[in-house]
Amino acid sequence: MSSILKTFKERGFLKQIVAEEELDKLLHTQKIVFYIGFDPTADSLHVGHFVQLMAMRHMQLAGHTPIILIGGGTGMVGDPSGRTDMRNLMTKEVVQANCNAFQRQIAKFLSFEGENAAKMINNADWLCTLNYVDFLREIGMHFSVNKMLTAECYKSRMEKGLSFLEFNYMLMQAFDFYMLYEREGCLLQLGGDDQWSNLLAGVDLIRRKKQKVAYAMTFQLLTTSDGKKMGKTANGAIWLDANKTSPYDFYQYWRNIDDNDVEKVFKLLTFLSLEEIVQLCAFRDERMNRAKEILAYEVTKLVHGEDIANQVQQQVRAAFSNDVTNMPQVKIAKEKNNILDILIETGQAKSKSEARRVVEGGGVTIDDAKITDIHTIIAQHEFVLHKGKKVHIKVKLE
RNA sequence: GGGAAGUUUCCAGAGUGGCCAAAUGGAUCAGACUGUAAAUCUGACGUCUCCGACUUCAGUAGUUCGAAUCUACUACUUCCCA
């Protein structure tokens with residue numbers, strides 16, 4: 001078995017694959033060009049994309065050439081796969097802005113130099129100038145509506161309704177693969193498992209138009225041990241953009257994950273060797289915390305860089321050991337010195353009602369004094385705010 | 001084009017004239033227990049000047065002492081017939 005496929009299997013990436021043996025041989029004997037598409041549905045990538053980025057990196061390290069396909073064209077339509085409702089249609093300007101944001105983030109994961117330098121391509125280049133009739137005649141004729149309707153990815157949409165706009169998404173993605181096959185010699189498309197039908201559509205299209213074989217492989221979606229999508233918090237999704245999810249919160253998310261997910265995340269989202277991972281996950285008691293700390297550090301390092309990871313780790317350690325000089329610090333206006341305003345200004349409560357509840361629930365401590373009265377005024381100009389057992393920040397009034 | 005059903009608080013989903021800021025479950029937050037874990041138990045979960053007040057149940061206009069619940073219209077969604 002080729003080492004890359006073995007890696008994907010051992011690390012728990014692999015979900016479904018087209019012509020496994022053939023592809024295995026191909027990956028083993030040749031350096032190929034492959035691609036993953038990213039649709040600009042938001043202004044930042046989130047943890048769900050992270051797995052795909054890691055997979056690309058693994059592939060590049062194995063000598064294969066990655067193409068990052070930014071969905072400037074497909075993003076105009078919206079992928080209905082696995083969704084129960086239609087996406088809001090984005091304006092062209094938003095799509096463009098999101099594309100730019102994606103490019104910056106993805107660039108960190110891949111090398112754009114050397115023999116197998118990664119390439120970034122935007123499918124708007126060909127999708128936005130298509131001629132409708134030509135497209136229907138050349139591409140549309142190869143698709144069976146009957147077959148498309150039975151595709152797993154449309155199931156949930158068949159109950160709620162599927163617009164013709166979205167129904168075309170599969171053709172567009174198939175066409176992308178075909179274009180990359182023609183222009184770049186791209187033989188393989190990777191993606192999350194929710195993309196399986198779309199990937200197959202591309203493989204089919206290439207076979208019909210060129211009588212040539214192309215390959216597809218999907219990866220495990222990042223889920224928690226109880227099967228839910230990973231990356232949800234009170235403040236919404238975990239983003240890879242530091243402005244949307246601070247590196248501190250990002251680090252803490254991984255630091256706090258379920259014991260049962262640690263090994264999986266290590267394998268998928270870090271480059272530590274399997275031996276190291278097994279060793280780190282050997283313990284099922286408080287020693288597990290050491291593993292989680294390393295996990296959080298490694299993952300943060302990949303996304304935000306080593307300097308920031310070091311910095312954040314130091315802050316986290318300081319916060320949890322009550323080391324006042326190094327813990328994260330927030331400055332707020334000195335007029336906001338009552339406990340409710342402090343909670344809001346420091347971002348620990350979204351409304352006064354919420355702030356009130358945490359205080360009344362006994363979750364707030366200033367320095368060493370538990371605050372129980374919602375009217376409390378804090379006299380100090382500098383103090384440590386604790387909320388629950390996980391939030392410890394130094395607050396400065398000025 | 002004709003007919004039927006629907007649109008509820010982050011999500012799912014009850015509620016069909018006052019007992020409704022709205023059951024229940026999930027998510028989330030806090031407390032207890034712990035290992036910054038899980039499980040479990042407890043509490044909270046529209047907003048505010050919080051023992052009270054205010055704004056909500058697609059939108060608008062009504063009926064009524066009183067509407068998420070009734071009526072009309074508008075928008076959107078689904079289903080059936082053509």
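Note: hydrogens, waters and symmetry copies are ignored here, and every other heavy atom, side chains too, is used. Proteins get letters first, then strands, A, B, ... in listed order; numbering begins at 1 in each.
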In whole Å, what separates the [atom1] atom of [N] from that of [M]?
N: U56(B); M: C48(B); atom1: C1'; answer: 14 Å
N: C50(B); M: C54(B); atom1: C1'; answer: 11 Å
N: A14(B); M: A23(B); atom1: C1'; answer: 6 Å
N: U69(B); M: C81(B); atom1: P; answer: 32 Å
N: U64(B); M: U49(B); atom1: C1'; answer: 33 Å
N: A68(B); M: U16(B); atom1: P; answer: 13 Å
N: A21(B); M: U55(B); atom1: C1'; answer: 10 Å
N: A32(B); M: A37(B); atom1: P; answer: 12 Å

Would you mind telling me which of [options] lies closest to the side-chain atoms of [X]?
X: Ser353(A); options: U36(B), A30(B), U47(B); value: U47(B)
X: Arg356(A); options: U36(B), A30(B), C50(B); value: C50(B)
X: Asp259(A); options: G35(B), U36(B), C50(B); value: G35(B)

So for atom [atom1], which belongs to [X], do other residues, nucleotides or ligands contribute more than 12 heavy atoms lying within a distance under 6.0 Å?
X: Glu398(A); atom1: CD; answer: yes
X: Asp368(A); atom1: CG; answer: no
X: Gln211(A); atom1: CD; answer: yes

Is [N] paired to anything, Watson-Crick or G-U wobble with both distances less than 3.5 Å, and if yes, which nucleotide?
N: C70(B); answer: G62(B)
N: A75(B); answer: U7(B)
N: C29(B); answer: G43(B)
N: U36(B); answer: none
N: G1(B); answer: C81(B)
N: C50(B); answer: none

Touch class at under 4.0 angstrom, heavy-atom based, for [X] against every strand present:
X: Ile374(A); result: nothing
X: Lys292(A); result: base
X: Val316(A); result: base
X: Arg317(A); result: nothing
X: Arg255(A); result: base
X: Ser351(A); result: sugar-phosphate
X: Gln252(A); result: base

Round to a whole Å and report the spacing from [atom1] of [X] to [atom2] of [N].
X: Glu354(A); N: A21(B); atom1: CD; atom2: P; value: 23 Å
X: Leu340(A); N: C50(B); atom1: CG; atom2: P; value: 10 Å
X: Asp285(A); N: A38(B); atom1: CG; atom2: P; value: 16 Å
X: Arg357(A); N: A30(B); atom1: CZ; atom2: C1'; value: 11 Å
X: Glu360(A); N: C50(B); atom1: CD; atom2: C1'; value: 8 Å
X: Trp254(A); N: A37(B); atom1: CH2; atom2: P; value: 17 Å
X: Asp249(A); N: U36(B); atom1: CG; atom2: C1'; value: 14 Å
X: Lys387(A); N: U36(B); atom1: NZ; atom2: P; value: 17 Å

Specify the residue among His375(A) and Asn289(A) whose closest nucleotide of RNA chain B lies further upstream toward the 5′ end. Asn289(A)

Of Gly363(A) and Arg287(A), whose closest RNA chain B nucleotide lies nearer the 5' terminus?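 Residue closer to the 5' terminus by nearest nucleotide: Gly363(A).
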
Test of ring centre spacing under 6.0 Å for His304(A) and Tyr251(A): no

Pairing residues for Leu130(A) by the side chain to side chain contact (heavy atoms under 4.5 Å, CB included) criterion, not counting sequence neighbours: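 Applying side chain to side chain contact (heavy atoms under 4.5 Å, CB included) to Leu130(A) gives Leu127(A), Phe135(A), Phe175(A).
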
Phe8(A) and Phe219(A) aromatic ring geometry - parallel, tilted or perpendicular at 30°/60° bounds: tilted

Would you kindly check whether a donor in the side chain of Lys352(A) faces an acceptor in the base of U49(B), or vice versa, at under 3.5 angstrom?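 Per atom types, no contact qualifies.
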
ring-ring contact (aromatic ring centres under 6.0 Å, His included) evaluation trace for Tyr215(A) with Phe34(A): CA-CA 9 Å; Tyr215(A) 303 90; Phe34(A) 70 97; over 10 Å; no

Distance test, side-chain N/O of Lys389(A) to OP1/OP2 of C29(B), below 4.0 Å: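 For C29(B), neither OP1 nor OP2 has a side-chain N or O of Lys389(A) closer than 4.0 Å.
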
Can you see if the side chain of Lys390(A) gets near the phosphate of A37(B) - specifically, an N or O under 4.0 Å from OP1 or OP2?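 So the side-chain polar atoms of Lys390(A) do come within 4.0 Å of the phosphate oxygens OP1 or OP2 of A37(B), strictly under.
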
Over all atoms of both residues, closest heavy-atom pair of Ser351(A) and Ile344(A): C-CD1, 3.7 Å

